[in-house]
Amino acid sequence: MTQSIQSIKRKNSYLYYFQLISSAVFILLCVYVLSVSAAEQQLKTAAVYMPAPLSVHSKPIPFQNSEKNLQLLVILPDGLNVSDSQIFWQVKGAGQKSRKLRGNHHSLDLDDGLYKIQLRIGRYKAEKRVLVQKQQQLQPYFRANIGHLQVQADHPVQWQVDGPDNIRFETSARYAIDEIVPAGEYRVKTVLPGVVQLRNISVKSGEQQVQRLSVPMGTVNLMVIRDNQPLLQAMEWEVFRLNKGKRHSIGKYYLHANSIRIPPGKYEAVVNHRNKTGKRRFWVQESTTNKVILEMD
């Protein structure tokens with residue numbers, strides 16, 4: 001009898017554990033189904049807010065309420081100060097007179113045809129050919145990757161500049177280069193007879209590159225004497241640089257004694273005093289001090 005009661009209790013325990021495990025499995029299954037349903041709903045909701053792909057028109061867009069069919073505009077780099085007076089356009093059609101314009105933005109009404117558009121900003125140049133048609137807006141894309149090149153010298157020199165895309169130019173300015181140029185690497189050369197200096201300079205788009213070149217110099221002390229004594233009177237000196245049979249004046253001075261700094265080379269000093277003239281030629285070397293003494297009767 002006792003064994004029968006224990007057997008019944010054991011069966012009831014097995015049944016209890018089976019029901020408990022079944023309940024747990026059912027609860028986990030419900031949680032999984034709910035989570036999958038929520039994820040699907042989230043994906044559907046996200047799909048509703050996905051942005052549509054952008055479309056880009058490659059053809060000219062018709063003007064709205066305008067008779068103009070060509071827009072001229074150049075995109076300039078941020079941080080670079082370029083005035084309208086520095087921007088030049090030239091528009092030339094076949095068999096037509098070219099139109100020359102100044103400034104960054106222009107609207108033109110042109111006849112149908114093929115045109116050549118040239119843009120110039122300082123030493124920067126760009127060119128495009130476009131087909132113009134009535135009732136269509138055409139705006140050629142111009143972006144100027146340019147910078148500002150400034151190089152100063154402490155003595156008048158001749159400048160030679162070589163840059164990217166076979167750019168090469170000289171300038172009539174003697175003391176400095178001040179140019180808008182395409183971004184890139186430049187080689188700047190200063191030239192004096194017997195003195196040549198090179199400087200490699202990198203110009204970045206939108207930046208102003210300022211550098212200074214120091215020309216090698218020598219010191220010259222000029223003095224006029226009479227009877228082996230300084231002639232303490234006002235007079236006029238003029239110093240010339242001699243090169244290939246030519247004389248180039250580099251300055252005038254008005255005291256009996258002057259100390260000047262000039263580049264290495266061959267020179268001539270001329271002094272005028274009371275209708276009398278004295279001359280003397282001399283050489284100057286780098287980092288030297290030279291005495292030039294003229295005796296006046």
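Each residue takes its place number in the sequence, starting with 1. Just so you know, these numbers come straight off a predicted model, no measurement behind them.
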Counting only heavy atoms not in [X], do more than 12 fall under 6.0 Å of its [atom1]?
{"X": "D84", "atom1": "CG", "result": "yes"}
{"X": "K204", "atom1": "NZ", "result": "no"}
{"X": "K125", "atom1": "NZ", "result": "no"}

Under a 4.5 Å side-chain heavy-atom rule over Ile, Leu, Val, Met, Phe, Trp and Tyr, are [X] and [Y] clustered together?
{"X": "M217", "Y": "L213", "result": "yes"}
{"X": "F240", "Y": "I260", "result": "no"}
{"X": "V270", "Y": "M235", "result": "no"}
{"X": "V284", "Y": "V215", "result": "no"}
{"X": "M296", "Y": "L222", "result": "yes"}

State the [atom1]-[atom2] distance between [X] and [Y], to the nearest 0.5 angstrom.
{"X": "L119", "Y": "I87", "atom1": "CG", "atom2": "CD1", "result": "7.5 Å"}
{"X": "T288", "Y": "N290", "atom1": "OG1", "atom2": "CG", "result": "4.0 Å"}
{"X": "Q86", "Y": "L76", "atom1": "CD", "atom2": "CG", "result": "10.0 Å"}
{"X": "I146", "Y": "I121", "atom1": "CD1", "atom2": "CD1", "result": "4.5 Å"}

Between E179 and H148, is a side-chain hydrogen bond (donor to acceptor under 3.5 Å, both in side chains) present by the stated rule, with each step listed? CA-CA 6 Å; E179 299 276 354; H148 195 171; over 6 Å; no

Look at R247 together with E268 and state whether they make a salt bridge at an N to O cut-off of under 4.0 Å. yes

Scan residues 278-297 for pairs that pass ring pair (Phe, Tyr, Trp, His ring centres under 6.0 Å), counting only residues two or more places apart or in two chains. Y267-F282

What are the two closest non-hydrogen atoms of P216 and P264, and how far apart are they? O-CD, 3.1 Å

Can you spot which of L231, V224, L294 makes a side chain to side chain contact (heavy atoms under 4.5 Å, CB included) with H273? L231

[X]-[Y] side chain donor-acceptor pair, cut-off 3.5 Å:
{"X": "Q96", "Y": "Y115", "result": "yes"}
{"X": "R99", "Y": "Q90", "result": "no"}
{"X": "Q208", "Y": "Q150", "result": "yes"}

Between Y175 and W159, does the ring centre distance come in under 6.0 Å? no

Can you give me every donor-acceptor pair (side chain of residues 182-190, partner residue at least two apart or in another chain, under 3.5 Å) with its distance?
residue : atom : partner : partner atom : Å
E185    : OE2  : S202    : OG           : 2.9
Y186    : OH   : P182    : O            : 2.6

Considering only distance and modelled atom types, tabulate donor-acceptor pairs under 3.5 Å from the side chains of residues 167-174, sequence neighbours left out.
residue : atom : partner : partner atom : Å
R168    : NE   : D162    : OD1          : 2.4
R168    : NH2  : D162    : OD1          : 3.1
T171    : OG1  : A173    : N            : 3.2
R174    : NE   : V157    : O            : 3.1

Within 45° of the axis and under 6.0 Å from the centre of the six-membered ring of F88, does NZ or CZ of R120 qualify? yes

Please check if the side chain of [X] supplies one atom and the backbone of [Y] the other of a donor-acceptor pair under 3.5 Å.
{"X": "Q136", "Y": "Q133", "answer": "no"}
{"X": "W89", "Y": "G103", "answer": "yes"}
{"X": "N104", "Y": "V74", "answer": "yes"}

I need the single residue from Q139, Q137, H106, H105 that forms a side chain to side chain donor-acceptor pair (under 3.5 Å) with Q71. Which is it? H105

